[in-house]
Structure formats: C-alpha cells, structure tokens
Number of protein chains: 2
Amino acid sequence: MRAAEPASPPAAGLQHLFLREEELRLAQDLLFFGYRDFTAGPDAILAELGMGRAHHRVLHFVGRRPGITVGELLGILGITKQSLNRVLTPLIEQGYILQAQGRSDRRQRLLSLAPPGTALERRLFERQRDTVVAAYREAGPTAVDGFRRVMRGLMNREARAWMDRIEETAPPGGPARRA
Amino acid sequence: MRAAEPASPPAAGLQHLFLREEELRLAQDLLFFGYRDFTAGPDAILAELGMGRAHHRVLHFVGRRPGITVGELLGILGITKQSLNRVLTPLIEQGYILQAQGRSDRRQRLLSLAPPGTALERRLFERQRDTVVAAYREAGPTAVDGFRRVMRGLMNREARAWMDRIEETAPPGGPARRA
DNA sequence: ATTTTCAGTCAATATAGCTGACCTATATGG
DNA sequence: CCATATAGGTCAGCTATATTGACTGAAAAT
C-alpha cells in the first residue's frame with residue numbers, strides 16, 4: 001500500500017497485458033508457495049532419516065543418470081565439491097550410492113543407486129508424485145504443457161541443455177527406450 | 001521451441017497418459033532448475049548487501065501486505081519466530097522496515113516498508129521480473145495460465161487461501177484499489 | 001616428464017532454519 | 001480485579017547447507 005503506485009508498466013503494448021506488475025508479483029508468490037509445498041513431503045521423510053533436501057537431490061539426479069560422474073553432478077547441482085561431498089560421502093558410506101571406476105577414465109567415479117538408494121529415492125519420489133499428480137489432474141493437460149514451458153523459460157542455458165538431454169534419453173514412456 | 005514436443009498428451013489412454021512416471025520426474029527437474037534460476041538473480045544482489053533469500057521474502061511479503069502483523073508474516077513464511085527475527089530485526093535496525101503499534105491491538109507490530117526497503121524490494125523485484133517476463137513471453141499467455149494453475153495445485157490449503165486473498169485485494173491492474 | 005584434470009579432504013565461515021526457555025506488554029474473560 | 005492467554009521479543013544452543021582456500025593423490029594429456 002503506502003502510496004507510490006510503482007510504475008505498473010502501463011500495459012500499453014499489445015499482448016503485454018499479462019505482464020503487468022501484479023501478474024509478476026503473483027508469479028513470485030506462486031513460485032515461493034508452490035516450491036515450498038512441493039518439497040515439503042520429501043523433507044518430512046528425509047528428516048526422519050537425518051537427511052535433508054541435498055541428499056534427495058543427489059539421489060534424484062544419480063537415479064536419473066546412472067553412471068553420472070562426480071563432475072557432472074557438480075555441474076547439475078551448481079554447488080561446490082566440498083558441499084557435495086558432505087552429503088555424497090555419507091550416502092556412499094551408508095550404502096545408498098555405489099561408486100565404480102570409470103572405464104575410459106579411471107579417475108572418474110561413476111555413481112549409481114544401490115538397492116537401498118533406489119528404494120529411498122522411490123519413496124521420496126512417490127510422496128512428491130502424489131503432490132504433482134494432484135496438481136496436474138486439477139489443472140489438466142493443457143495447463144501442464146503451459147507449466148512446462150514457463151518453468152523451462154525460467155531456467156538458464158545450462159539447465160535447458162540438461163533438460164534437452166534427459167528428454168532425449170528418457171522419453172515419455174519410461175526408463176526403457178521409447179516404444 | 002526446442003524439438004521434443006514434450007508430450008502434449010497424445011490423447012491415447014484417456015487423460016492419464018500425461019501422468020506417467022517420466023512426466024512426473026520431468027516435473028521434479030523443472031521445479032528444481034526453474035526455482036533455482038528464478039532466485040539466482042536476487043540472490044546475487046542480496047549477497048552484495050550481506051543478506052540472503054530470507055530477507056527478500058520478508059521484504060516481498062511486507063511489500064505485498066503493508067501493515068501485516070508479525071504473526072501473519074510467520075504464518076505465511078511458515079518459519080519460527082526466532083528464525084524470522086534473525087532477519088526482521090536487522091531489517092528494522094537498518095531502516096528497511098518500519099514497525100507501527102497496532103491500533104485495535106497494541107501488542108501487534110504492523111510492518112511496512114520504509115523508503116529504503118521499498119527501493120531494495122523494487123530492485124530485487126525488477127531483477128526477478130526480467131526472468132519471469134522472458135519466460136512468460138517465450139511461453140505465451142495460454143502457457144502462463146497453465147503455469148499458474150499447476151503451481152496453485154502444488155500449494156497447500158493455507159497457501160491457496162492466501163493467494164485468494166491477495167488476488168482479491170491486489171487485482172491485476174496494480175497495487176492501488178481496484179479500478 | 002610436466003602439467004592438467006578428477007576426485008577427495010581439512011579447516012574456517014555464513015545463512016537459515018530448528019527447539020526450549022523465558023520475558024514484557026496487552027487483551028480478554030471470569 | 002485478577003488470572004490467563006496472546007503478540008511479540010530474546011537468549012542459548014543445535015543442525016543443515018552452502019561458501020572459500022589450501023592441499024593431496026591418481027590418472028590423463030601434452
């Protein structure tokens with residue numbers, strides 16, 4: 001409130017009506033609440049195991065790309081090696097994640113989920129899936145497509161490239177090669 | 001848009017085709033990368049000022065609801081009083097946020113942005129706005145509507161109620177009372 | 001043989017959250 | 001009026017997630 005009227009871009013231009021300030025502030029609200037509640041389910045499970053969101057992210061991306069190297073994982077997560085190792089080392093020690101020496105480059109550690117890792121990731125996934133399925137059902141297929149396009153638009157170049165790669169190699173239809 | 005045609009539901013198996021596992025894992029990826037890059041801009045500005053995301057959230061929601069009480073803010077943010085005060089107290093001491101005694105209940109502290117707070121929030125908003133505007137423009141109005149519906153679907157009941165209220169009192173058109 | 005890269009480690013620091021205990025000021029209700 | 005409940009603040013201590021910088025060892029590349 002407080003006087004001010006902070007320059008709602010006067011919407012003069014054509015198709016820009018939907019880009020007015022209030023629309024964009026609404027986007028901020030949506031992303032804050034939506035992301036928070038999206039992560040709330042897994043967070044609760046992880047807390048019971050003495051883990052946090054960072055562990056989930058590692059399990060998720062290792063599950064998504066079995067055989068991923070530590071370096072690639074660092075690139076995806078956008079954190080430092082030290083930060084990653086604080087969650088990765090315990091996950092390995094506790095038997096959730098396996099390391100294998102790289103074939104072409106033996107310095108590399110190829111990461112994959114051990115059975116307990118697969119199970120935990122699955123449990124976290126299913127909790128999150130319930131949230132997403134409910135939202136997707138309510139919103140409908142057209143909205144889902146719009147959601148995907150907007151989220152993609154928020155991502156930086158690197159993240160988009162990663163999404164392109166994952167969509168190529170893990171197409172709708174499941175982990176197996178496309179039908 | 002990037003190849004791929006992300007599975008606009010091929011209409012084959014009724015309305016469930018778009019809820020297959022891979023689609024849902026894609027949603028996890030989208031939310032992780034999208035949210036991270038959405039917050040990256042403000043994070044960089046805040047870091048220069050020795051602040052973090054928590055400060056931004058306070059500035060955002062106080063700006064959104066001037067005169068909000070501490071208790072209401074706690075409810076929105078979903079954190080403890082102690083956590084809030086660790087960022088709120090410095091924001092007040094540094095002149096970004098004003099406190100006024102509640103009129104009907106003098107125990108309440110009604111929060112609002114002081115001019116420096118308005119300016120900083122504006123700066124953070126504009127950085128984030130650029131990201132959102134780019135995504136919205138790329139995706140188009142229909143996609144934006146879908147994005148909103150899905151994000152809303154991810155939110156819990158309380159958050160939805162808050163969104164309903166904000167949409168009533170701050171309708172498209174700007175912070176001023178409805179036309 | 002030197003240099004670079006991949007991975008891991010140690011130490012120190014900062015932010016953002018948490019619990020529990022306790023305080024003041026003000027409202028509210030018997 | 002007094003007792004209790006509520007709004008807000010504060011102290012102390014804990015955890016999780018991130019950071020930087022410095023350094024190591026092994027293997028690849030030149």
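Since we're looking at a predicted model, the values are computed, not measured.
- One interatomic measurement links the two molecules: CD1 of A/I97 to P of C/dA7, which rounds to 14 Å at whole-angstrom precision.
- With hydrogens and angles disregarded, a donor-acceptor distance shorter than 3.5 Å links the side chain of A/R160 to the backbone of A/R152.
- Atom CG of A/L88 and atom C1' of C/dC6 are 13 Å apart (whole Å).
- Contact annotation: A/T89 reaches the phosphate of C/dT9 (side-chain N/O to OP1 or OP2, under 4.0 Å).
- Residues B/R65 and B/L73 form no side-chain contact, since every pair of their non-hydrogen atoms from C-beta on lies 4.5 Å or further apart.
- What separates CG of B/L49 from P of C/dT15 is a distance of 12 Å, to the nearest Å.
- A straight line from CG of B/D43 to P of D/dA18 spans 12 Å, rounded to a whole angstrom.
- For the pair B/R36 and A/L77, the tightest heavy-atom approach, listed with the atom from each and the gap, is NH1-O, 3.3 Å.
- Atom CD1 in B/I92 sits about 6 Å away from atom P in D/dG9, given to the nearest Å.
- Residue-to-nucleotide contacts include no donor-acceptor pair under 3.5 Å from the side chain of B/R53 to the base of C/dA16.
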Q: For each nucleotide in nucleotides 25-30 of chain C, reading 5' to 3', give B when a protein heavy atom comes within less than 4.0 Å of its base, S when such contact involves only the sugar-phosphate, and - otherwise.
A: BBS---
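- Not less than 6.0 angstrom separates the ring centroid of B/F32 from the ring centroid of A/W162.
- Under the 3.5 Å distance criterion, with hydrogens and angles disregarded, no donor-acceptor pair is assigned to the side chains of A/H56 and A/D43.
- Put simply, the side chain of A/N85 never gets that close to the backbone of A/L88: no donor and acceptor are under 3.5 Å apart.
- Figure legend: B/R149 and A/F147 shown without cation-pi pairing, the cationic atom not lying both under 6.0 angstrom from the six-membered ring centre and within 45 degrees of its axis.
- Rounded to an integer number of Å, the gap from B/E93 CD to D/dG9 P is 11 Å.
- The phosphate of D/dG9 has OP1 or OP2 within less than 4.0 Å of a side-chain N or O from B/N85.
- A salt bridge (charged side-chain N to carboxylate O under 4.0 Å, His left out) with B/D105 holds for exactly one of B/R103, B/R107, B/R109; it is B/R107.
- Heavy-atom distances to DNA chain D give each of B/L110 and A/R86 a nearest nucleotide, and the one nearer the 5′ end belongs to B/L110.
- Listed pair A/H55 / D/dA16 fails the phosphate criterion, with no side-chain N or O lying under 4.0 Å from OP1 or OP2.
- Remark: the B/Q108 side chain and the B/Q101 side chain contain no N/O donor-acceptor pair separated by less than 3.5 Å.
- The shortest side-chain heavy-atom distance between A/H55 and A/Y96 does not fall under the 4.5 Å cut-off.
- Distances shorter than 4.0 Å separate some side-chain N or O of A/R57 from OP1 or OP2 on D/dA18.
- Atom P of nucleotide D/dT17 and atom NE2 of A/H56 are separated by 13 Å, given to the nearest angstrom.
- Within residues 70-82 of chain A, the residues approaching DNA chain D are A/G78, A/I79, A/T80, A/Q82, by heavy-atom distance under 4.0 Å.
- When the side-chain nitrogen and oxygen atoms of B/S83 are compared with OP1 and OP2 of C/dC18, one or more of them lie within a distance under 4.0 Å.
- If you measure from atom CG of A/L84 to atom P of D/dT19, you get 10 Å, rounded to the nearest angstrom.
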